[in-house]
Novice: 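Mind having a look at this structure? Questions to follow.
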Amino acid sequence: MSEQDVVTQVPDLTSRFPEQVVKDTRQGYEGYIVQPDFLLEFARTMRDEDGYDYLSSVTGVDYLPEGKLEVVYHVYKTIGDKGLVFKVQLPRDNSIVTSLVSIYPGAEFQEREAYDLLGIRFENHPDLRRILMWEGFAGYPLRKDWKEPFYEEDFKPFKTRWPQGKIVRAEDGTPFKDNVEYPSDFDPENWVSESESKLYESLKVIQQESDGMKTDRIIVNLGPQHPSTHGVFRMVAVVEGETIVELKPVFGYLHRNHEKIGERNTFLQNIPFTDRLDYISSMSNNFGYVLAVEKLMNIKPPDRAEYLRVMMAELTRISSHVMAIGFLLNDLGAYFTPALYALEERELILDIFEAVSGSRMMCNYMRFGGVVRDLPEGVLEKVNELVFDRLPRKIDELDRYLTENEIVRNRCEGVGVLTPEQAIALSCAGPMLRASGVPYDVRRAEPYSIYDQLDFDVAIGIHGDVYDRYLVRIEEIRQSLKILQQVVKQIPDGPIMTGKPAYQVRVPAGEAYGRVEGPKGELGYYVISNGKPNPWRYHVRAPSFINLTSLAPMCRGEKIADAIVVLGAIDIVLGEVDR
Amino acid sequence: MNGLGIIKGLGVTLKHFISTYVEDFRWRGKLYRTEKGLAFRSSSKMRGVFTVQYPEEKLPLPEEFRFIPFLVYDELPNGEKDFRCTSCGICAKVCPPQCIWIYRSNDPVTGRPIPAPAEFYIDIDICMNCGMCAEYCPFDAIIMDHDYEISSYDRMKDDIYNKEKLGKPASYYQGIRPTNYARQATARAEKEAAKAAGKKDV
């Protein structure tokens, strides 16, 4: 999206608010810069009058040389249109800004993340605690002057590797116990974590006033080690009897600060790291990232590469959705028979990935301006067999196997309901949003690659419950198969790369937000380049992280056993949630 | 009728169960531990279970499969190893987790760098098998391996590979990646032919 588009679409933002809003005129940037004290009113006007009802991403950027912190908001219309970017600039040493949770409740976790990693304080935020790091962690890791314990240099490639590369292990350089940085007044012997007390405080467990029988509310911790949490994930639930009164998800156990690593890397080096976000669907992750950087570089891949990308992305969607369905049934108690039926189909898809990219899960297949390699001999025939014969048959079988099952229906229908208004407000994405009846799909709303030439429908549900999420996933697999059948028939011959493959890419200065419809939802990459070989800012809008914002509203009032099913239907992957 | 859905679902499970034995029966014991049986079992025609009896049988690896890289050398007639690596450092620069260390050798007389690595290290604990070093190497000198069974008892001692341990002959490379090898060999021959033709013209 160029600056021109935004201007033609909302022509009078600067003239409407001449005092408070200015256009972002930096080279390669777009959108508007809003005065901090006007932000709340601006956002409300945008949502209520201009129809930007969907907050896609909130993040911060540290402009160390200018001494500024910037908060960047990307908002969209769920009826489908180009988006709007607006920013707030704050001083680095006293960065306080109004929270937008009252306007867009979906900002809750994203603002907490910005507070955690960049130290931006959001006023009037309902629960401003650290989200990925622990309370008491020293500093804000994404600030440019913060250095990690194994710090070598600001940017890769490190100079110690060549031409006088003498191997030194990182752990030899910093012996055990010294590889963590503590606050200056930190005493590990007598330190008590504030994380827990702050967490329980935030739950606001109030004894119920009742004239009848007095019941105690108790706190139940599910996880972090629990088979139903799909990884290391914790839910703190306040229960009354068996009913959940309040619930808070706790995560970050797998946190590795993907974004900081990304800012140390060169643009190219980031591609294999994106595989490790949502490791079930690495091809989609590659796709989103290369789209963002291609926007900055202003290049387009050749036709064959576009078809190959879409083919891989849709195969990924199928494998991710069958996994989601299989493991949802695990959570329901149908222990592992449906999951293994799902894994069989995934196995065949992974075989294709392995033949094409060399790896089953960490594909690392896409490059700026194309893909790594063409399909090896015999792979297209395999895909053909899969999408015309095997998968349609097997999806019908899965459908026959589960959809009418009375236990599945009793457990799923009417559980974890989100109304369309709630789903939009909470920034839900993907099957979650569509199951609530909002026909919003990035492939249709803002078509990228060749999706505008393909014939497919957007699957939607009506009730917004767990059962509809399951049905939407089944239907999306069918639509993906429809796309794949077209792609296999139409794929043209030709080059798979624009220009020569180069290990150093030149990315002009500017910002870009590339988003794709990943299997879990809208996957966005916000990349800022300052013309150097490394990105200045690299932010991932992780769909399952933001979908978790709606976990608590969905679980309130449900039974504790249903919370597990609700979580299963969100389909989280902890590699992406914790980053 | 209530319960019909469950019965229908159980029918699917029963079909799965029976088809497992149908395939076993049809292959008369040849479904397991034969190459043909393994290929059938991992194809989309398979109806029963996919299980592979590792380590007795192993799935055939596709050519592009990538694991820890190795350095290619050509065997000279006198038995010496002629490493293709020129120590240009592109692999070390492009490596995402920065697990490659190259010590460039200098000519003992002039002190100028010569195109061969004095030492080449890869810390395989850090390597993420992304294959970028092999992808961007201009000399086809570093190639991703197919040997994935490399577990060892002492991580500190065994997991830093040096030039000696990384080196593998070009014939091995040809064995695991025949099409890639043939493509690169023809490209190199063409380049050399063009170079020779250019020299003749001068």
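Every chain is numbered from 1 and lettered A, B, ... according to where its sequence line falls, protein lines coming before strand lines. A quick note: this is a predicted structure, and the numbers were derived from the prediction, not measured.
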Novice: Is it the side chain or the backbone of B:Ile6 that comes within 4.5 Å of chain A heavy atoms, both, or neither?
Specialist: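 Interface part for B:Ile6: both.
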Novice: What heavy-atom pair brings B:Ser42 and A:Asp351 nearest, and what distance separates the two atoms?
Specialist: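 Closest approach of B:Ser42 to A:Asp351, heavy atoms only: O-OD2, 3.7 Å.
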Novice: Measure A:Glu347 against the heavy atoms of chain B and call it side chain, backbone, both or neither at under 4.5 Å.
Specialist: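 Just the side chain, heavy atoms under 4.5 Å.
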Novice: To check you understand the geometry: which heavy-atom pair defines the closest contact between A:Leu268 and B:Met132, and what is its length?
Specialist: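 Smallest heavy-atom distance, with atoms named: O-CE, 3.4 Å.
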Novice: What is the minimum heavy-atom distance between B:Met46 and A:Arg390, and which atoms define it?
Specialist: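 The answer is O-NH1, 2.6 Å.
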Novice: Are A:Lys166 and B:Trp101 in a cation-pi contact, defined as NZ or CZ under 6.0 Å from the six-membered ring centre and within 45° of the axis?
Specialist: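 Relative to the ring axis of B:Trp101, which defines the angle, A:Lys166 lies outside at least one limit.
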Novice: Which answer fits B:Pro96, side chain, backbone, both or neither, if we ask what part of it has an atom under 4.5 Å from a heavy atom of chain A?
Specialist: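 Its backbone and side chain both get close to chain A.
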Novice: Checking heavy atoms, do the side chain of B:Tyr103, its backbone, both or neither come under 4.5 Å from chain A?
Specialist: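 For B:Tyr103, backbone and side chain are both near chain A.
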Novice: Roughly how far, to the nearest 0.5 Å, is the SG atom of B:Cys88 from the CH2 atom of A:Trp162?
Specialist: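 Between A:Trp162 CH2 and B:Cys88 SG, I get 7.5 Å after rounding to 0.5 Å.
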Novice: Decide, yes or no, whether a salt bridge links B:Glu135 with A:Arg373 under the criterion of side-chain N to carboxylate O below 4.0 Å.
Specialist: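 No, B:Glu135 and A:Arg373 are not salt-bridged.
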Novice: Side chain from CB out, backbone as N, CA, C, O: work out which of these in B:Leu61 comes under 4.5 Å of a heavy atom of chain A, or both, or neither.
Specialist: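 The side chain, not the backbone.
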Novice: Should B:Glu64 and A:Ser359 be marked as a side chain to side chain contact (heavy atoms under 4.5 Å, CB included) after you check the CA-CA gap, both sets of side-chain angles, and the distance that decides it?
Specialist: CA-CA 8 Å; B:Glu64 295 301 342; A:Ser359 189; over 6 Å; no
Novice: Let me know if B:Thr179 has heavy atoms under 4.5 Å from chain A in its side chain, its backbone, both or neither.
Specialist: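 Neither part.
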Novice: If every non-hydrogen atom of B:Leu4 is compared with every non-hydrogen atom of A:Glu406, which pair is closest and at what distance?
Specialist: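 Taking every non-hydrogen atom into account, N-OE2, 3.4 Å.
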Novice: Quick one: what part of B:Phe65 sits under 4.5 Å from any heavy atom of chain A, side chain, backbone, both or neither?
Specialist: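 Both backbone and side chain.
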